[in-house]
Amino acid sequence: MPELPEVETIVRGLDKLLPGKTITGIDFNTPKSFPNAEEDVKKFLVGSKIAKVKRRGKVIIIDLSTDYTLITHLKMTGQLIYRSSNKNFGGGHPTDSLVGKLPDRSTRVVVDFNDKTQLFFNDQRKFGWMRLLPTIEVPNIDFFKKLGPEPLESSFNWQDLDKRLQRRKNSSIKPVLLDQTIVAGIGNIYADESLWMSKIHPATQVNRLTKNKIKELHSNIKAVLSLSIEKGGSTDRNYLNAEGKKGSYLEFANVFRKDGQPCVRCGTIMIKFKLFGRGTHICPKEQKIVI
DNA sequence: CACTTGACCTGTCCGC
DNA sequence: TGCGGACAGGTCAAGT
């Protein structure tokens, strides 16, 4: 589910809501979703205060005031939803979020705070996880060690992208964009969108891309991710932000889930097909494979 | 090593 | 309505 813009939206929401709160309890019963031993988690977590919520790539990092950190990967269907109270739900209160009463059957973890508010980690497909680890260990986990640069940092220039893409010069561009060790945070939606904007066929070999195309792709990746953050991310089916609300980026998408509709640039009917196991959307006229 | 495929899960949608 | 199959935004491990 969530890619960089969705994770960024959740993080911004949680960072406004959580810092300063003290954890008074935590409950989880799906070992896959929280692999630490329950007694360790309770011992190290209960009584500590939330210091800061941030992210790296698609991983959410919740720093505690102790030497511990809670990290979460939402994978396809994970949600982190904060609730100040359940008592208004089901009654149609105008400020209610779009989810119903929590916990529900996909709730994997519940964190309780001192002011009676709660954080729910919901994950229908159980691909996601939450882990508690010493803060000093966070940069050492495999995922972070191999992770590529943050595409929205101003230091990430087109030459960086070029150099990293060339490590996979015989591969098609789309799976390379999805590879988190090349660039962090791009997923299926924003790969399709940035390739459409750059008029690049997703199966094009990296070594067939001109420097100008890579320059264009670099700037379009930044543009697409920034616009989506501005719109609160993409809600296709599962995604909700920290307050349980949807994102509206898909209303502004040009190609993702737009198969059967005319391309806004040239009017050609856009198509969807499977590429390396992923649903892939293109304008068949403007995105041609360069041989 | 570079590259591709399948597995991990559950829910939903579509065609018969 | 029921049933089987395909599909879903992400990563890994295992295969070639």
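Lettering follows sequence order; numbering is per chain, from 1.
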Which donor-acceptor pairs under 3.5 Å do side chains of residues 19-31 of chain A form with protein atoms, sequence neighbours excluded?
unit_1	atom_1	unit_2	atom_2	d
A:Lys21	NZ	A:Tyr82	OH	3.4
A:Lys21	NZ	A:Asp115	OD2	2.7
A:Thr24	OG1	A:Asp112	O	3.3

Practice task
Mark yes or no for a side-chain to base donor-acceptor pair under 3.5 Å between A:Arg167 and B:dA2, with no hydrogen or angle criteria applied.
Solution key: no
Exercise for the section: Please indicate yes or no: is the ring centre of A:Phe127 less than 5.5 Å from the centre of the six-membered base ring of B:dC8, with the two planes inclined by under 30 degrees? Expected result: yes
Practice task
Taking only Lys NZ, Arg NE, NH1 and NH2, and the carboxylate oxygens of Asp or Glu, determine whether A:Lys42 and A:Glu39 approach each other closer than 4.0 Å.
Solution key: no
Problem - d(CZ, A:Phe276; C1', C:dA8) in whole Å - result: 20 Å
Exercise for the section: For side-chain contact (heavy atoms from CB on, under 4.5 Å), just list the numbers for A:Ile221 and A:His218, CA-CA rounded to whole Å, side-chain angles, deciding distance to a tenth of an Å, and then say yes or no. Expected result: CA-CA 5 Å; A:Ile221 287 170; A:His218 167 265; 5.7 Å; no
Practice task
Classify the nucleic acid contact of A:Gly128 as base, sugar-phosphate or nothing, counting any heavy atom under 4.0 Å across all strands shown.
Solution key: nothing
Problem - Rounded distance in Å - CD (A:Gln166) to P (B:dA2) - result: 13 Å
Practice task
Counting heavy atoms from C-beta on, name the nucleotide in C:dG10, B:dG11, B:dT5 closest to the side chain of A:Gln124.
Solution key: B:dG11
Exercise for the section: May I ask you to evaluate whether A:Ser171 reaches the phosphate of B:dT4, defined as a side-chain N or O under 4.0 Å from OP1 or OP2? Expected result: yes
Problem - A:Ser33-A:Asp123 side chain donor-acceptor pair, cut-off 3.5 Å - result: no
Problem - Selection from C:dG10, B:dG11, C:dC7 that lies nearest to any side-chain heavy atom of A:Lys274 - result: C:dC7
Practice task
Determine, for A:Lys215 against A:Asp162, whether the closest basic-nitrogen to carboxylate-oxygen distance falls under 4.0 angstrom.
Solution key: no
Fill in the blank from the handout: Assert: residue with more 5' nearest nucleotide on DNA chain C, out of A:Leu178 and A:Arg257, is A:Arg257
Exercise for the section: Respond yes when some side-chain nitrogen or oxygen of A:His73 is under 4.0 Å from OP1 or OP2 of C:dG10, and no when none is. Expected result: no
Exercise for the section: Answer yes if the side chains of A:Thr69 and A:Asp63 hold a donor-acceptor pair under 3.5 Å, and no otherwise. Expected result: yes
Problem - Phosphate contact (B:dA2 OP1 or OP2) by A:Asn170 side-chain N/O below 4.0 Å - result: no
Handout entry: NZ or CZ of A:Lys174 within 45° of A:Phe276 ring axis and under 6.0 Å
Key = no
Completion exercise
Closest to the side chain of A:Lys126, out of B:dT10, B:dC8, C:dG10, is B:dT10
Exercise for the section: Looking at every strand, decide which applies to A:Phe143 at a 4.0 Å heavy-atom threshold: base, sugar-phosphate, or nothing. Expected result: sugar-phosphate
Practice task
Round to the nearest Å and state the distance from A:Trp129 atom CH2 to C:dT11 atom P.
Solution key: 10 Å
Handout entry: Side chain of A:Arg278 (C-beta onward), nearest among C:dA8, B:dT10, C:dG10
Key = C:dG10
Exercise for the section: Select base, sugar-phosphate, or nothing to describe what A:Ser234 touches, counting heavy atoms under 4.0 Å on all strands. Expected result: base
Practice task
Could you check whether A:Gly187 gets within reach of a base, just the sugar-phosphate, or nothing at all, counting any heavy atom under 4.0 Å?
Solution key: sugar-phosphate
Problem - For atom CD of A:Glu6 and atom C1' of C:dA8, their distance in whole Å - result: 14 Å
Exercise for the section: Please state the P separation for the pair B:dC1 and C:dT11 - nearest whole angstrom. Expected result: 22 Å
Exercise for the section: Select base, sugar-phosphate, or nothing to describe what A:Lys272 touches, counting heavy atoms under 4.0 Å on all strands. Expected result: sugar-phosphate
Problem - Rounded distance in Å - CG (A:Asp123) to P (B:dC8) - result: 16 Å
Exercise for the section: Could you state the atom-to-atom distance from NZ of A:Lys75 to C1' of B:dT10 in whole Å? Expected result: 15 Å
Handout entry: OP1 or OP2 of C:dG10 under 4.0 Å from side-chain N/O of A:Lys58
Key = yes
Completion exercise
Testing B:dG11, C:dG10, B:dT4 for proximity to the side chain of A:Arg168, the answer is B:dT4
Problem - Dot-bracket encoding of pairs in DNA chain B, which uses [ ] for pseudoknotted crossings and | for another strand, Watson-Crick or G-U under 3.5 angstrom - result: .|||||||.|||||||
Handout entry: Closest listed nucleotide, where the reference is the side chain of A:Glu3 and the choices are B:dC9, C:dC12, C:dG10
Key = C:dG10
Handout entry: Interatomic distance at P, B:dG11 relative to C:dC12, whole Å
Key = 24 Å
Practice task
Return the value, rounded to whole Å, for the distance between atom CZ of A:Arg108 and atom P of B:dC8.
Solution key: 17 Å
Problem - The single option from A:Glu3, A:Glu6, A:Glu8 passing salt bridge (charged side-chain N to carboxylate O under 4.0 Å, His left out) against A:Arg55 - result: A:Glu8
Practice task
Mind checking A:Arg105 for me? I need base, sugar-phosphate or nothing, with any heavy atom below 4.0 Å counting as a touch.
Solution key: sugar-phosphate
Practice task
Please state how far atom CD1 in A:Ile71 lies from atom P in C:dT11, giving the value in whole angstrom units.
Solution key: 13 Å
Practice task
Would you please say whether a donor-acceptor pair under 3.5 Å links the side chains of A:Ser228 and A:Tyr190?
Solution key: yes
